[in-house]
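Everything below concerns the one structure shown next.
Per chain, numbering begins at 1; letters A, B, ... match sequence-line order.
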Amino acid sequence: MSLEHSGGENADSDLYRIRHSLAHVMAQAVLDMRPGSTLGFGPPIADGFYYDFVLSEALNEDDFPEIERRMRRILKQGQRFYREELGADEALARIDEMGEPYKREYAQELLSREDLDGLSFYRNGSFLDMCEGPHVDTTRDIPRDAFKLRSVAGAYWRGDSDNVMMTRIYAWAFDTREALDAHVTAFELAQERDHKKLGRELDIFHLDELVGRGLPLWLPNGAVLREELEKLAKELEFRAGYERVATPHLARADLYRKSGHLPYYADDMFPMMELREAGDDGEAVKEAYVLRPMNCPHHHSIFAARPRSYRELPLRLAEYGHVYRFEESGAVSGLLRVRGMCMNDAHIYCTEEQIRSEFKGVMQMYAEAYAAFGLSDYRVRLSRWDPEDGKRREKYVDNPEAWEYCEGIVAEVLDDMEVDYVDGPGEAAFYGPKIDILCRTVTGREEQLGTVQLDFAQPGRLGLVYVGADGAEHTPYCIHRAPLSTHERMAAFLIEHFGGAFPTWLAPVQVRVITVSDQFDEYGHAVVDRLRRRFVRAEIAARSDTVSKKIREGTTRKIPNLLIIGEREQADGTVTLRRYGIRRQQTLPLDEFEAWIAEQIASRALP
RNA sequence: GCCGGAAUAGCUCAGUUGGCAGAGCACCGCAUUCGUAAUGCGGUUGUCCGGAGUUCGAGUCUCCGUUCCGGCACCA
């Protein structure tokens with residue numbers, strides 16, 4: 001059994017043994033219910049375990065109570081775990097007896113790969129598994145009330161889509177019932193922050209079957225988020241010496257042929273638009289266009305539009321560019337994976353000497369942007385090519401020296417800046433290594449947010465050159481970067497990160513005025529007018545509801561600042577401020593509030 | 001794309017063996033003019049995801065498709 005999934009637990013720990021043993025117990029229960037099923041892997045994971053099966057008859061979540069019942073019965077029986085070590089031939093014979101084709105495949109691989117003399121097996125009750133262990137002594141050592149089956153899912157044998165699709169049953173497992181309950185409660189609480197749920201409740205985006213899968217409609221509140229993100233990016237990029245460009249969402253297919261994208265990525269693009277013309281021998285394609293899946297060829301075309309001098313470098317071309325990718329149907333999800341998106345893109349054309357400082361500049365931009373969100377829970381990955389991976393080898397530009405050189409530069413930058421990072425072999429772009437910023441969604445899935453990529457291939461392929469100080473032509477390097485990812489993915493993360501309670505600078509509605517009765521609406525409107533004149537997104541709750549009702553409504557909409565206005569406030573020219581999540585409120589002169597909120601917004605203060 | 005599940009009002013959901021499509025919230029109207037998380041009364045709201053089939057009769061059963069959810073694979 002694979003021990004790759006240590007689940008954050010030491011393999012010798014009690015919890016690891018419990019989870020690992022429960023996987024066997026669950027497999028025993030499932031095999032009892034579905035005789036003739038065969039086994040894949042069944043490792044412990046971060047919050048429990050799973051086991052993969054090729055089932056003789058499908059199972060679904062309705063079967064969970066029965067599986068759990070059988071598991072508890074096994075635990076009660078106190079089945080002892082027996083370890084047995086067999087020599088290579090004996091082991092294979094044993095697996096054949098078991099009738100486990102996938103276990104046999106893996107056993108053979110282990111025996112050939114790892115110079116092992118034999119393999120170990122564990123038996124408990126009627127269940128026998130090829131497994132390295134360790135396990136508990138008896139099933140009585142496993143708490144009966146600290147596990148819970150979670151979901152049933154499909155998973156390819158050994159993670160390869162060319163292999164059989166197995167059925168994976170996930171379960172939570174802990175060492176006490178309290179730990180399990182705490183985990184389940186935390187999980188359910190996290191579901192409340194799901195960007196799909198909050199996106200609907202807070203009127204941020206809408207998905208319409210008729211518009212198309214993966215093509216979100218941004219509602220007024222969502223459009224504000226986009227604008228604020230774009231404002232932030234433009235400020236950071238302006239200060240860092242970027243120039244803005246604007247380019248069309250589509251291009252002639254020839255552009256993508258020349259860039260080399262088309263032959264390799266046609267399947268991931270929307271189908272080509274072909275303009276046909278009648279001729280002598282029927283219709284012929286006159287022109288073909290593609291919806292662009294990336295902005296680079298457009299920006300490269302701007303670079304190539306006229307002769308470039310080394311004096312212009314580094315040339316930094318920035319654009320929030322719309323791109324369209326035909327993501328596979330099963331991949332599309334909320335705002336996280338979409339088919340039409342708007343990317344915080346830029347391409348930096350530079351000399352070899354400038355690579356390091358430009359890369360550093362982009363890394364600093366990340367740090368500044370993420371600090372503005374208070375986003376600190378992310379991992380940095382150095383994404384390299386993997387020349388060993390035969391299946392993927394063809395997707396990389398074949399130039400081992402360039403790979404080695406560029407990966408060296410990127411690693412050097414990270415080391416120089418003392419950034420902690422994880423290694424990501426096989427995660428590179430086809431044209432070069434990259435640094436990716438990975439964040440976790442509320443459901444625990446890790447996704448790539450920002451990226452910086454060092455491209456040693458495309459400029460040459462497209463014939464981009466600049467004239468150097470020596471009067472000769474040179475090929476520039478290109479850095480592709482998207483620190484703020486796409487609006488879609490960034491918004492998804494920020495919605496979950498803030499649980500929908502955005503800081504004032506980012507909030508769709510920054511201030512809502514609540515009048516105690518409509519006698520004070522006139523003053524309320526005056527307050528709103530003054531705030532709006534300073535570009536504060538303020539509105540008035542002008543309904544004849546009770547104050548309680550309006551406060552409840554403002555709070556459930558997670559509006560950061562509620563202003564209560566009644567007789568006292570009107571008489572004194574003050575407002576009473578009730579901030580989101582803070583029960584204590586304060587009354588202050590309107591002037592003072594105006595200055596305060598302007599400062600909150602300008603400084604992008606966090607709550 | 002693959003495995004499993006789901007789709008009923010704007011939202012959350014109920015709908016029995018196939019027999020008149022419902023509730024709460026939201027929305028609209030009227031009354032209320034209110035000081036800190038739901039004022040009262042009344043009303044509107046439907047391609048029961050789409051198409052085909054079975055049936056005297058389909059929200060309910062069957063088939064095909066679409067979309068969504070949980071995963072896997074993919075993510076230039």
Only counting residues at least two apart or in another chain, list the ones meeting side-chain contact (heavy atoms from CB on, under 4.5 Å) with A/Glu592.
A/Leu588, A/Pro589

A/His261: what forms a ring pair (Phe, Tyr, Trp, His ring centres under 6.0 Å) with it, not counting sequence neighbours?
A/Tyr256, A/Phe430

How does protein reach along nucleotides 1-12 of chain B, written 5' to 3' as B (base within reach of a heavy atom under 4.0 Å), S (only sugar-phosphate), or - (no contact)?
BBBSS-----SS

Going by the rule ring pair (Phe, Tyr, Trp, His ring centres under 6.0 Å), which residues pair with A/Phe64 if we only count those two or more places apart in sequence or in a different chain?
none

Partner set under side-chain contact (heavy atoms from CB on, under 4.5 Å) for A/Ala428, not counting sequence neighbours
A/Trp385, A/Tyr396, A/Trp403

Hey, where does RNA chain B pair up into stems, meaning at least three consecutive Watson-Crick or G-U pairs with distances under 3.5 Å?
B:1-7 with B:66-72, B:10-13 with B:22-25, B:27-31 with B:39-43, B:49-53 with B:61-65

Rounding to a whole Å, what distance do you find between A/Phe326:CZ and B/A76:P?
18 Å

Salt bridge (Lys or Arg N to Asp or Glu O under 4.0 Å) pairs, two or more places apart, involving residues 202-224 of chain A:
A/Asp203-A/Arg557

Which ones in residues 429-436 of chain A lie close to RNA chain B, meaning a heavy atom under 4.0 Å from one of its atoms?
A/Ala429, A/Phe430, A/Tyr431, A/Lys434

Sequence-distant partners of A/Tyr378, ring pair (Phe, Tyr, Trp, His ring centres under 6.0 Å), two or more places apart
A/Tyr370

Pairs touching residues 541-553 of chain A that satisfy salt bridge (Lys or Arg N to Asp or Glu O under 4.0 Å), sequence neighbours left out:
A/Arg543-A/Asp545

Quick note, side chain to side chain donor-acceptor pair (under 3.5 Å) partners involving residues 332-341 of chain A, not counting sequence neighbours, are A/Glu327-A/Arg337

What is the distance, rounded to the nearest whole Å, between atom NZ of A/Lys550 and atom P of B/U36?
13 Å

Expressed in whole Å, how much space separates the C1' atoms belonging to B/A23 and B/C2?
39 Å

If the threshold is 4.0 Å, N to carboxylate O, is there a salt bridge linking A/Glu68 and A/Lys148?
no

Once you round it to whole Å, what is the distance between C1' of B/A73 and CD of A/Glu447?
13 Å

Taken in chain and number order and not counting sequence neighbours, the residues that satisfy side-chain contact (heavy atoms from CB on, under 4.5 Å) with A/Arg583 are A/Arg578

Using atom P of each nucleotide, how far apart are B/C20 and B/U16 to the nearest Å?
11 Å

Please pick, from B/U36, B/G70, B/U33, the nucleotide with the shortest atom-to-atom distance to any side-chain atom of A/Ser544.
B/U33

